[in-house]
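Only one structure is covered here, and it is reproduced in the block below.
Quantities reported herein were computed from a predicted structural model and do not represent experimental measurements. One-based numbering along the sequence shown.
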Amino acid sequence: MGRLFLIHLEGNCYSCKHCQTHFALADDIISKSFHCRHGKAYLFDKVVNVNVGEKEERMMITGMHTVVDIFCVACGSIVGWKYEAAHEKSQKYKEGKFILERFKVLGPDGSLYLAAQEAHVVGSDVDDV
């Protein structure tokens, strides 16, 4: 194996939860409205320090897409996917963009994401006043 060269990002960035390798700047988030099996996922314009897997057709909520999984270049953990092609005209904006699964990366402040963070408290004693 050759020498591994990593790109170090300056500023608030998302990184691998296993080895802290930098992936993307918080400023490069296009949308936080995506979801995956483990909860939230964020759409990014640019991601660094990842390897890509094989192209595959994947049916998603918004239709069929051609995607490649992305893996941390340092530790090999799967961290999300890249949209290679969208088959629906309305989804073409995703092409060439990256999804980082929030469960699999550390936030800019070093925080882990837990699916339980999405739980909402129903009802409140304040309503009784």
Side-chain angles (χ1 to χ4, degrees):
M1 183 171 157
R3 186 174 179 153
L4 184 63
F5 290 94
L6 298 174
I7 296 172
H8 180 80
L9 299 173
E10 296 293 328
N12 292 329
C13 67
Y14 289 84
S15 58
C16 180
K17 78 174 186 179
H18 299 290
C19 68
Q20 290 75 49
T21 297
H22 292 181
F23 291 137
L25 292 170
D27 291 343
D28 289 330
I29 292 176
I30 296 170
S31 174
K32 291 184 176 183
S33 300
F34 285 73
H35 291 83
C36 62
R37 280 183 222 116
H38 298 99
K40 289 188 175 204
Y42 297 166
L43 183 68
F44 286 86
D45 188 38
K46 292 178 265 181
V47 172
V48 297
N49 299 324
V50 294
N51 289 323
V52 298
E54 297 292 318
K55 282 186 184 181
E56 65 178 80
E57 299 297 314
R58 199 175 289 168
M59 180 55 79
M60 300 190 177
I61 295 170
T62 55
M64 187 66 76
H65 294 79
T66 304
V67 299
V68 291
D69 287 330
I70 56 174
F71 304 86
C72 176
V73 74
C75 72
S77 297
I78 185 168
V79 295
W81 65 87
K82 178 182 179 185
Y83 289 102
E84 293 289 324
H87 301 276
E88 302 287 330
K89 196 174 193 177
S90 66
Q91 301 301 306
K92 292 287 187 186
Y93 75 95
K94 296 177 185 174
E95 292 181 346
K97 306 292 190 281
F98 299 84
I99 287 287
L100 289 178
E101 296 184 41
R102 190 59 185 90
F103 177 75
K104 297 179 179 182
V105 298
L106 296 175
D109 59 356
S111 65
L112 282 171
Y113 168 81
L114 304 172
Q117 289 175 335
E118 289 187 1
H120 298 287
V121 178
V122 178
S124 170
D125 291 6
V126 177
D127 294 337
D128 296 333
V129 176

Is there a path of hydrophobic side-chain contacts, each under 4.5 Å between heavy atoms of I/L/V/M/F/W/Y residues, joining [Y] to [X]?
| X | Y | answer |
| --- | --- | --- |
| Val47 | Val52 | yes |
| Ile30 | Ile99 | yes |
| Val67 | Phe71 | no |
| Val79 | Ile29 | yes |
| Phe98 | Tyr14 | yes |

What's the separation between atom SG in Cys19 and atom CG in Leu6, rounded to the nearest 0.5 Å? 8.0 Å
Given the rule in the side-chain contact (heavy atoms from CB on, under 4.5 Å) test, do Lys82 and Phe44 qualify, once you have shown the distances and angles that lead to the verdict? CA-CA 9 Å; Lys82 178 182 179 185; Phe44 286 86; over 6 Å; no
Lys92, NZ: over 12 other non-hydrogen atoms inside 6.0 angstrom: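 Yes.
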Between [X] and [Y], is any pair of side-chain heavy atoms under 4.5 Å apart?
| X | Y | value |
| --- | --- | --- |
| Leu106 | Gln20 | yes |
| Lys97 | Asp45 | yes |
| Ile70 | Ile78 | no |

So which atom in [X] and which in [Y] form the shortest heavy-atom distance, rounded to 0.1 Å?
| X | Y | result |
| --- | --- | --- |
| Glu95 | Ala85 | OE2-CA, 3.5 Å |
| Gln91 | His65 | CB-NE2, 3.8 Å |
| Leu100 | Ala24 | CD1-CB, 4.1 Å |
| Ala74 | Thr21 | CB-OG1, 3.3 Å |
| Phe5 | Asn49 | O-OD1, 4.4 Å |
| His35 | Trp81 | O-CH2, 4.4 Å |

Are Asp69 and Arg58 ion-paired here, with the side-chain N under 4.0 Å from a carboxylate O? yes
Check against side-chain contact (heavy atoms from CB on, under 4.5 Å), Cys16 and Phe23: CA-CA 7 Å; Cys16 180; Phe23 291 137; 3.6 Å; yes
Could you go step by step and tell me if Asn12 and Leu25 meet the side-chain contact (heavy atoms from CB on, under 4.5 Å) rule? CA-CA 6 Å; Asn12 292 329; Leu25 292 170; over 6 Å; no
List the steps, then state whether side-chain contact (heavy atoms from CB on, under 4.5 Å) holds for Phe103 with Lys17. CA-CA 9 Å; Phe103 177 75; Lys17 78 174 186 179; 3.8 Å; yes
Please test Glu57 against Thr66 for side-chain hydrogen bond (donor to acceptor under 3.5 Å, both in side chains), starting from the C-alpha separation and ending with a verdict. CA-CA 5 Å; Glu57 299 297 314; Thr66 304; 2.7 Å; yes
Side chains of Lys94 and Thr62, donor plus acceptor under 3.5 Å: yes
Spell out, as yes or no, whether a donor-acceptor pair under 3.5 Å connects the side chain of His22 to the backbone of Leu9.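 Present.
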